[in-house]
Amino acid sequence: MTTRSDQIRMLVELTKLTALDEGSPQAFKVRAYENAIAGIEGHHGELSGLTKAELTEIKGVGSSTADKILELEATGTVAKLETLREMYPPAFVALTKIPGLGPKTLKMLRSQLGIEDIGSLKEAVDAEQLRELPGLGEKSEQKIARAIDRLGLHGKDRRTPLVEVLGFANSLAQRIAEIEGVVEAVPCGSIRRFSETVGDVDIVVATTNPGLVGDVVLGYPEVSEVVGAGKTKISFLTREELQVDIRTVRPDQLGSALLYFTGSKAHNIALRQKAIDRGWLLSEYGLFEDKEVLASETEGEIYEALGMQAVPPMLREGSGEVEAASNERLPNLIERSDIKGDLHYHSDRSGDGRSSLEEMVEAASGAGWEYVAFTDHGEDLAINGSTPDQMLAHRDQIRGLDSRYPEIRLLFGCELNIGRDGDLDYDSDFRLEFDYCVASIHSHFDMSSDRQTARILTALQDPTVNAIGHLTGRYVGRRPGVELDIGVVLEALALSGVALEINGALDRLDATSEVARQAMSVGVDVVIDTDSHHTRDLVRMDYGVRYARRGWVTANRVLNARTLDEVLASVAARRAR
DNA sequence: GCCGTTTTCGGCCCGACTGTTTTCAGTCG
């Protein structure tokens with residue numbers, strides 16, 4: 001049986017090889033495959049077992065793609081894909097990762113010089129053969145030579161975890177904003193959409209003096225190599241080989257520039273198509289009717305002119321948001337100001353906690369929260385956890401502080417460890433001492449999907465468990481999450497009334513926004529937590545909320561957007577079952 | 001390859017930068 005990820009993987013490979021075969025990533029066939037992938041990703045139920053008629057009902061999936069999905073299911077492979085694989089073996093396809101080398105040039109190199117892989121390309125470059133070819137010259141040859149040397153460091157597919165670039169992007173934008181003539185400098189692209197990984201850093205700069213921006217920025221110490229520098233656009237690499245693209249526009253064009261540079265590509269295409277439908281043109285310079293500007297200053301004006309609701313950046317993935325916004329049906333997304341408290345929060349009672357109980361209370365109170373649950377680790381987490389006696393003493397301290405900080409209610413909670421088979425810390429009587437518990441996995445990441453799923457199901461049946469923390473245990477860019485049958489887990493969460501955590505730590509962002517969106521569609525509640533171990537971690541609530549918005553999470557489904565009484569009532573109701 | 005409140009055929013987003021060119025192709029975002 002083929003899974004949805006098998007199907008998507010097949011289509012992604014087909015897209016890549018077809019782009020090479022057609023000689024352009026913009027080829028219509030390539031775009032059609034991309035649309036089919038987007039349609040399938042936005043389609044929630046299983047695909048396995050669907051008939052051809054049912055498959056072609058999915059947006060972007062036509063007769064030919066449906067056949068390929070069925071063929072994959074019946075035979076385990078797709079003849080068209082096999083043919084392309086023979087024509088373009090992996091060693092040749094790998095050359096597409098070299099920046100500056102596109103499909104047209106690659107195919108010419110192959111036919112003219114017999115280049116099949118990185119080795120033969122390098123030889124041809126060293127023999128100065130490339131410069132003799134039509135359309136190429138000495139400079140192109142040198143550019144390719146440099147790119148080969150760097151291959152793997154900043155290949156076209158490389159993505160960097162958001163956690164590694166967000167601070168840098170913000171500080172860069174802040175410094176650019178101080179340059180004379182600059183009105184605003186905004187990190188855009190996948191950073192603004194709050195994707196967990198980013199390909200590069202995109203910054204839009206509204207300025208009356210674009211030349212100065214270029215001069216100043218290229219003098220910054222972070223600039224390790226200039227990739228390109230024109231009148232309105234400069235690109236450079238940092239020492240860590242992160243690419244930064246800076247685009248300047250006039251201040252009155254900021255809205256259209258933000259729209260264009262925030263993307264996603266699929267969202268932009270959908271908007272531009274709406275403009276075309278009205279006989280208009282949408283570019284980074286504005287929305288135009290003939291040469292007349294209809295809107296350009298703010299994103300909101302452009303959306304309004306296109307007859308739709310303004311789409312929050314996190315939703316701009318081309319996954320149904322344009323249709324929803326056109327029908328006034330965008331969800332009422334959770335906002336930072338809806339959040340009333342944090343239900344996953346540590347003190348130095350945990351071995352990995354870095355701030356004292358009182359410091360953490362002070363910080364939570366300063367954040368304006370109405371309540372916070374201290375959920376220090378249970379005893380099973382050997383180095384970090386606490387014995388029952390330590391926990392009871394900890395409770396006394398919490399209750400003592402609770403009376404000293406009347407503006408915030410302090411709950412005595414626990415982060416229970418989910419053992420290999422779903423077992424939890426302490427005994428069931430002792431667990432009832434806690435006001436609230438989140439249960440999470442911290443080990444045994446490489447078991448089968450079935451066993452991981454069973455383990456989570458066992459844990460969430462326990463009446464003292466109120467939420468499942470960082471569902472998959474992933475660390476973005478470092479450790480993949482465990483494999484789970486998400487559909488089964490969500491169904492069990494919905495039935496039991498246990499909340500799904502969206503952990504706001506930037507290297508976790510777990511559960512993922514895709515899972516969160518699925519959770520919304522099946523009526524699962526979400527809790528957005530900071531999992532703070534230090535007073536400086538509270539900013540994660542912002543991140544968690546932004547990431548939750550990316551998962552189409554609505555305020556009415558967020559546990560910690562409710563009052564303390566409502567939270568406590570749901571804990572009591574669960575224990576009474 | 002997909003799609004249709006003009007269309008079942010003829011369209012399919014728009015523009016900057018580079019290097020190679022005398023007006024443009026390729027690549028990228």
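In the text below, chain A, chain B and the rest are named by the order of the sequence lines, each starting its count at 1. Keep in mind that this is a model prediction, so the values were computed, not measured.
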Under a 4.0 Å heavy-atom criterion, the protein footprint on nucleotides 3-11 of chain B, written with B, S and -, is S--------
Verify the distance criterion only: is there a donor paired with an acceptor across the side chains of [X] and [Y] at less than 3.5 Å?
{"X": "A/S64", "Y": "A/K80", "result": "no"}
{"X": "A/T472", "Y": "A/D510", "result": "yes"}
{"X": "A/H267", "Y": "A/E317", "result": "no"}

Summary of salt bridge (charged side-chain N to carboxylate O under 4.0 Å, His left out) pairs that have at least one residue in residues 98-111 of chain A, sequence neighbours excluded
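For residues 98-111 of chain A, and leaving out neighbouring residues, the salt bridge (charged side-chain N to carboxylate O under 4.0 Å, His left out) pairs sorted by first residue read A/R110-A/E116.
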Quick one: is [N] close enough that its OP1 or OP2 comes under 4.0 Å of any side-chain N or O from [X]?
{"X": "A/Y285", "N": "B/dA16", "answer": "yes"}
{"X": "A/K68", "N": "B/dG1", "answer": "yes"}
{"X": "A/S64", "N": "B/dG1", "answer": "yes"}
{"X": "A/R31", "N": "B/dC13", "answer": "yes"}
{"X": "A/S283", "N": "B/dC13", "answer": "no"}
{"X": "A/S24", "N": "B/dT27", "answer": "no"}

*asked:* With the threshold set at under 4.0 Å for non-hydrogen atoms, list the residues of residues 251-264 of chain A touching DNA chain B in residue-number order.
replied: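 The stretch gives A/Y260 as the residues lying under 4.0 Å from the strand, ordered by number.
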| request: Mind listing the residues from residues 124-135 of chain A sitting with a heavy atom below 4.0 Å of DNA chain B? Number order is fine. | output: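 Within this stretch, A/G135 sit under 4.0 Å of the strand.
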[X] side chain, from C-beta outward: closest of [options]:
{"X": "A/F28", "options": "B/dC14, B/dC12, B/dG26", "value": "B/dC12"}
{"X": "A/K265", "options": "B/dG1, B/dC13, B/dG15", "value": "B/dC13"}
{"X": "A/D202", "options": "B/dC14, B/dG29, B/dG26", "value": "B/dG29"}
{"X": "A/D245", "options": "B/dG29, B/dC2, B/dC17", "value": "B/dG29"}
{"X": "A/S140", "options": "B/dC28, B/dG15, B/dG19", "value": "B/dG19"}

#### Entry: Check against salt bridge (Lys or Arg N to Asp or Glu O under 4.0 Å), A/D149 and A/R146
CA-CA 5 Å; A/D149 286 341; A/R146 281 202 308 276; over 6 Å; no
Write down the distance separating the [atom1] atoms in [N] and [M], rounded off to the nearest Å.
{"N": "B/dT20", "M": "B/dG26", "atom1": "P", "result": "14 Å"}
{"N": "B/dT5", "M": "B/dG1", "atom1": "P", "result": "23 Å"}
{"N": "B/dT8", "M": "B/dC2", "atom1": "C1'", "result": "12 Å"}

List the residues meeting side chain to side chain contact (heavy atoms under 4.5 Å, CB included) with A/A548, not counting sequence neighbours, and say none if there are none.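 Here the qualifying residues are A/I334, A/I502, A/I528, A/V553.
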Does any part of the side chain of A/R316, heavy atoms only, come nearer than 4.5 Å to the side chain of A/T262, both counted from C-beta?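 The answer is yes; the side chains approach within 4.5 Å.
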With sequence neighbours excluded, residues passing salt bridge (Lys or Arg N to Asp or Glu O under 4.0 Å) with A/R478 |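 If we apply the salt bridge (Lys or Arg N to Asp or Glu O under 4.0 Å) test to A/R478, skipping adjacent residues, the hits are A/D507.
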**Prompt:** Mind checking who B/dG11 pairs with, Watson-Crick or G-U wobble, both distances under 3.5 Å?
**Reply:**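 Base-paired to B/dC2.
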